[in-house]
Amino acid sequence: MTEDELQTRVIENIRTIRKQQGLSQEKLADKADISRQMMNDIEGRRRWLTKATLIKLCNALAIDPHELFVPIPKENLDMQSAYEVITQKVISQVRVALNESLDNLTLSYKEKP
């Protein structure tokens with residue numbers, strides 16, 4: 001493995017875990033107490049992590065540092081995508097059902113003398 005390949009893996013893992021946790025770069029930067037520009041530079045491969053920044057990011061993501069160096073299996077990414085799609089569909093259906101129930105309640109309330 002080359003240094004470039006290691007940097008790519010670590011950055012991809014940070015990005016993947018950040019997205020799995022529903023964090024934007026800005027939110028992760030704030031949570032890790034680093035500048036938003038630094039976070040953007042790290043993910044954009046313009047800056048390499050210092051040990052201190054690595055620890056801050058791991059603490060903010062609530063992961064052990066070694067997790068950034070181990071490839072994330074593709075099936076985990078596929079499962080995350082499937083989970084997100086299912087979650088969005090369920091949320092959409094709950095909204096529709098809730099709106100229908102509220103509409104029915106409103107109509108029945110208006111109909112009462």
Side-chain angles (χ1 to χ4, degrees):
M1 169 174 278
T2 66
E3 184 178 338
D4 190 53
E5 290 169 334
L6 177 63
Q7 184 178 14
T8 298
R9 177 179 295 166
V10 169
I11 290 168
E12 286 175 358
N13 286 352
I14 289 171
R15 185 180 296 120
T16 299
I17 295 166
R18 171 179 65 75
K19 288 180 178 180
Q20 286 175 344
Q21 294 184 10
L23 297 171
S24 64
Q25 282 185 355
E26 294 81 17
K27 286 182 182 177
L28 177 56
D30 291 345
K31 199 172 175 181
D33 195 29
I34 62 173
S35 74
R36 293 174 178 191
Q37 184 60 52
M38 179 185 284
M39 189 68 238
N40 186 271
D41 287 348
I42 290 168
E43 283 196 18
R45 297 185 54 135
R46 292 177 295 279
R47 189 179 234 171
W48 186 226
L49 296 165
T50 63
K51 288 182 274 184
T53 303
L54 175 71
I55 300 283
K56 286 180 177 185
L57 287 171
C58 289
N59 287 336
L61 293 169
I63 60 170
D64 288 327
H66 78 275
E67 293 179 57
L68 295 180
F69 298 93
V70 179
I72 297 176
K74 177 112 174 87
E75 58 270 4
N76 285 356
L77 298 177
D78 293 341
M79 286 300 294
Q80 181 67 24
S81 297
Y83 176 78
E84 289 170 2
V85 169
I86 291 167
T87 301
Q88 289 305 315
K89 286 184 179 182
V90 168
I91 289 170
S92 177
Q93 290 174 351
V94 168
R95 283 186 180 142
V96 168
L98 185 57
N99 285 333
E100 287 174 1
S101 295
L102 289 173
D103 289 343
N104 289 337
L105 283 173
T106 302
L107 286 174
S108 66
Y109 180 75
K110 287 181 180 179
E111 291 174 359
K112 290 184 177 182

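As the structure is a computational prediction, the values presented were derived from the model and not from experiment.
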Inset, instruction - Sequence neighbours left out, what passes side-chain contact (heavy atoms from CB on, under 4.5 Å) with Arg9? Give chain and number order. - result: Met1, Asn13, Pro71
Inset, instruction - Grab the two heavy atoms, one from Gln7 and one from Arg47, that are nearest each other, plus how far apart they are. - result: NE2-O, 3.9 Å
Legend entry - side-chain contact (heavy atoms from CB on, under 4.5 Å) partners for Thr2, two or more places apart: Asp4, Glu5
Legend entry - Separation of Leu49 CG from Ile11 CD1 (nearest 0.5 Å): 7.0 Å
Legend entry - Point-to-point distance, once rounded to the nearest 0.5 Å, from CD1 of Ile63 to CD of Gln21: 7.5 Å
Inset, instruction - State which residues pass side-chain hydrogen bond (donor to acceptor under 3.5 Å, both in side chains) with Arg46; sequence neighbours excluded, sorted by chain then number. - result: Asn40, Asp41
Legend entry - CA sep, side-chain torsions, deciding dist, call: Val10, Ile42, side chain to side chain contact (heavy atoms under 4.5 Å, CB included): CA-CA 10 Å; Val10 169; Ile42 290 168; over 6 Å; no
Legend entry - Interatomic spacing from CG in Leu57 to CD1 in Ile34 - rounded to 0.5 Å: 4.5 Å
Inset, instruction - Report the distance from atom NZ of Lys19 to atom CG of Leu28, rounding to the nearest 0.5 Å. - result: 12.5 Å
Legend entry - Any pair counted as side chain to side chain donor-acceptor pair (under 3.5 Å), so long as it reaches residues 52-62, sequence neighbours left out: Thr50-Thr53
Inset, instruction - Kindly write out the residues that satisfy side-chain hydrogen bond (donor to acceptor under 3.5 Å, both in side chains) with Glu26, not counting sequence neighbours, or none if the list is empty. - result: Ser24
Inset, instruction - May I ask you to list the residues sharing a hydrophobic cluster with Val96, side-chain cutoff 4.5 Å, ordered by chain and number? - result: none
Inset, instruction - For Ser35, enumerate each residue passing the side-chain hydrogen bond (donor to acceptor under 3.5 Å, both in side chains) test, keeping only those at least two apart in sequence or located in another chain. - result: none
Legend entry - Any residue meeting salt bridge (Lys or Arg N to Asp or Glu O under 4.0 Å) with Arg36, in chain and number order, not counting sequence neighbours: Asp30
Inset, instruction - Give, for atom CG of Leu6 and atom CH2 of Trp48, the distance between the pair rounded to the nearest 0.5 Å. - result: 4.5 Å
Legend entry - Separation between CD of Gln25 and CD of Gln37, rounded to the nearest 0.5 Å: 9.5 Å
Inset, instruction - Could you work out the complete set of other residues in the hydrophobic cluster of Leu102, with links drawn between I, L, V, M, F, W and Y side chains under 4.5 Å apart? - result: Leu98
Inset, instruction - Decide yes or no for Ile14 and Met39: does some side-chain heavy atom of the first lie under 4.5 Å from some side-chain heavy atom of the second? - result: yes
Inset, instruction - Using side-chain hydrogen bond (donor to acceptor under 3.5 Å, both in side chains) as the criterion, list what pairs up with Arg15, not counting sequence neighbours. - result: Glu43
Inset, instruction - Could I get the full list of side-chain contact (heavy atoms from CB on, under 4.5 Å) partners for Asp64, not counting sequence neighbours? - result: His66, Glu67
